[in-house]
J.: 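Quick one: structure below, then a few questions.
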Amino acid sequence: MRLLVIEDQRKMASFIKKGLSEIGYSVDVAETGSAGESLAAENEYDLILLDVMLPDQSGLDTARHLRRDGYGGPILMLTALSSTRDKVFGLDAGADDYLTKPFAFDELTARVRALLRRHS
């Protein structure tokens, strides 16, 4: 399974990539929304993990662009924004699930497995 992590915080992106790689996923990382969109256009991903607060554009816009451009796989939003309103915006923008930071890595992997199960 190939995953794309769109996350601008290098430490967080590295933590996620390392953990997911150790359990058998192939993981690419993009540090901006536009870089993530480019990678998604060039490669097939089974799931995208997407931060909301990115340096070049909102992850909400990135999710909308991915959906507009035909990405049909699951999108898991990862963000510190935790209000109900933020979650609704994320889901309405095209996310399939929404996980707030900080999170337990076990919960992240459980959500990844669940999303992949639903879309396989």
Side-chain angles (χ1 to χ4, degrees):
M1 293 279 170
R2 190 168 185 188
L3 312 181
L4 173 60
V5 175
I6 306 173
E7 168 65 64
D8 64 315
Q9 295 179 12
R10 287 190 178 149
K11 216 171 165 182
M12 176 64 75
S14 177
F15 166 74
I16 294 169
K17 179 177 182 169
K18 182 177 187 266
L20 292 173
S21 296
E22 285 177 358
I23 57 175
Y25 295 106
S26 174
V27 182
D28 294 332
V29 174
E31 294 184 4
T32 65
S34 57
E37 290 175 30
S38 294
L39 282 173
E42 297 168 9
N43 304 288
E44 288 193 29
Y45 292 103
D46 298 293
L47 183 139
I48 295 176
L49 296 98
L50 174 60
D51 185 21
V52 173
M53 295 185 289
L54 297 168
D56 63 336
Q57 64 187 11
S58 166
L60 301 174
D61 290 332
T62 303
R64 286 185 195 100
H65 297 163
L66 290 166
R67 294 300 188 205
R68 175 199 67 205
D69 295 342
Y71 177 73
I75 297 174
L76 172 56
M77 290 254 178
L78 302 174
T79 180
L81 302 174
S82 61
S83 75
T84 299
R85 181 174 178 246
D86 293 320
K87 293 174 187 176
V88 169
F89 285 157
L91 295 167
D92 284 347
D96 296 280
D97 198 0
Y98 194 102
L99 183 60
T100 57
K101 298 176 188 175
F103 53 81
F105 193 74
D106 287 344
E107 182 178 2
L108 172 68
T109 58
R111 288 174 184 261
V112 166
R113 286 191 307 271
L115 288 168
L116 291 171
R117 230 182 2 254
R118 283 186 222 136
H119 283 85
S120 64

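Residue numbers start at 1 and run along the sequence shown.
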J.: Would you please test Val29 and Glu7 for side-chain contact (heavy atoms from CB on, under 4.5 Å) and show each step?
T.: CA-CA 7 Å; Val29 174; Glu7 168 65 64; 5.6 Å; no
J.: Does any donor atom in the side chain of Gln57 or Thr62 lie under 3.5 Å from an acceptor atom in the other side chain?
T.: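 Yes - a donor-acceptor pair under 3.5 Å links their side chains.
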J.: Would you say the side-chain atoms of Gln9 pair up with the backbone N or O of Lys11, donor to acceptor, closer than 3.5 Å?
T.: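 Here the side-chain-to-backbone pair does not exist.
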J.: For the side chain of Arg67 and the backbone of Gly94, is there at least one donor-acceptor N/O pair under 3.5 Å apart?
T.: yes
J.: To the nearest 0.5 Å, how far apart are CD1 in Ile48 and CG in Leu78?
T.: 12.0 Å
J.: Should Leu81 and Leu54 be counted in the same cluster of Ile, Leu, Val, Met, Phe, Trp and Tyr side chains packed under 4.5 Å apart?
T.: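 Yes; Leu54 is reachable from Leu81 via cluster members.
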J.: Can Phe103 be reached from Leu49 by stepping across I, L, V, M, F, W or Y side chains whose heavy atoms are under 4.5 Å apart?
T.: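 Yes, Leu49 and Phe103 fall within the same hydrophobic cluster.
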J.: If you group Ile, Leu, Val, Met, Phe, Trp and Tyr by side-chain heavy-atom gaps below 4.5 Å, do Val27 and Met1 land in one group?
T.: yes
J.: How long is the span from the CZ atom in Arg64 to the OG atom in Ser58, to the nearest 0.5 Å?
T.: 7.0 Å
J.: Under the salt bridge (charged side-chain N to carboxylate O under 4.0 Å, His left out) rule, what do Asp28 and Lys17 come out as? Steps first, then yes or no, please.
T.: CA-CA 8 Å; Asp28 294 332; Lys17 179 177 182 169; 5.7 Å; no
J.: Output the distance between atom CG (Asp97) and atom CG (Leu115), rounded to the nearest 0.5 Å.
T.: 5.0 Å
J.: Tell me, please, which residues at least two apart from Asp8 pass salt bridge (Lys or Arg N to Asp or Glu O under 4.0 Å).
T.: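 Checked Asp8 against salt bridge (Lys or Arg N to Asp or Glu O under 4.0 Å); zero matches.
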J.: Under 6.0 Å from the CD atom of Glu44, do we count more than 12 heavy atoms belonging to anything else shown?
T.: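 Count not over threshold, so no.
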J.: Hey, could you give me the CG/CG distance between Leu50 and Leu4, rounded to the nearest 0.5 Å?
T.: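 The CG atom of Leu4 is 8.5 Å from CG of Leu50, to the nearest 0.5 Å.
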J.: Under a 3.5 Å cutoff, is there a donor and acceptor pairing between the side chains of Asp46 and Tyr25?
T.: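 No, because no side-chain N or O of Asp46 sits under 3.5 Å from a partner of the opposite role on Tyr25.
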J.: Locate the shortest heavy-atom distance separating Tyr45 from Leu39; write the atom from each residue and the value.
T.: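 Answer, listing the atom of Tyr45 first, then Leu39: CE1-O, 3.5 Å.
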J.: Do Asp56 side-chain atoms and Gly33 backbone N/O form a donor-acceptor pair below 3.5 Å?
T.: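 At least one qualifying donor-acceptor pair exists.
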J.: Could you tell me how the ring of Phe105 sits relative to the ring of Phe15: parallel (under 30°), tilted (30 to 60°) or perpendicular (over 60°)?
T.: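 Perpendicular: the ring planes of Phe105 and Phe15 meet at over 60°.
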J.: Can you give each donor-acceptor pair under 3.5 Å made by side-chain atoms of residues 68-77, sequence neighbours left out, with the distance rounded to 0.1 Å?
T.:
residue: Tyr71; atom: OH; partner: Leu47; partner atom: N; Å: 3.4
residue: Tyr71; atom: OH; partner: Pro74; partner atom: O; Å: 3.2

J.: Any chance you could measure Thr109, atom OG1, to Ile16, atom CD1, to the nearest 0.5 Å?
T.: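 One finds 11.5 Å between OG1 of Thr109 and CD1 of Ile16.
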J.: Is the shortest side-chain heavy-atom distance between Arg10 and Glu31 below 4.5 Å?
T.: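 Of all side-chain heavy-atom pairs linking Glu31 with Arg10, at least one is under 4.5 Å.
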J.: Looking at Asp96 and Arg118, is there a salt bridge between them, counting it only when a charged N and a carboxylate O are closer than 4.0 Å?
T.: no
J.: Please report the interatomic distance CZ(Arg111) to CG(Asp106), rounded to the nearest 0.5 Å.
T.: 12.5 Å
J.: Could you tell me which residues satisfy salt bridge (Lys or Arg N to Asp or Glu O under 4.0 Å) with Asp86, sequence neighbours excluded, listed by chain and number?
T.: none
J.: Hey, quick one: are Met12 and Val52 part of the same hydrophobic cluster, counting side-chain heavy atoms closer than 4.5 Å, chains of contacts allowed?
T.: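 In one cluster: no.
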J.: Are Val112 and Ile6 connected in the hydrophobic side-chain network, where two residues link if heavy atoms are under 4.5 Å apart?
T.: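 In one cluster with Val112: Ile6, no.
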J.: Is Ser38 reaching over with its side chain to a backbone N or O of Ser34, donor-acceptor style, under 3.5 angstrom?
T.: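 Answer holds: yes.
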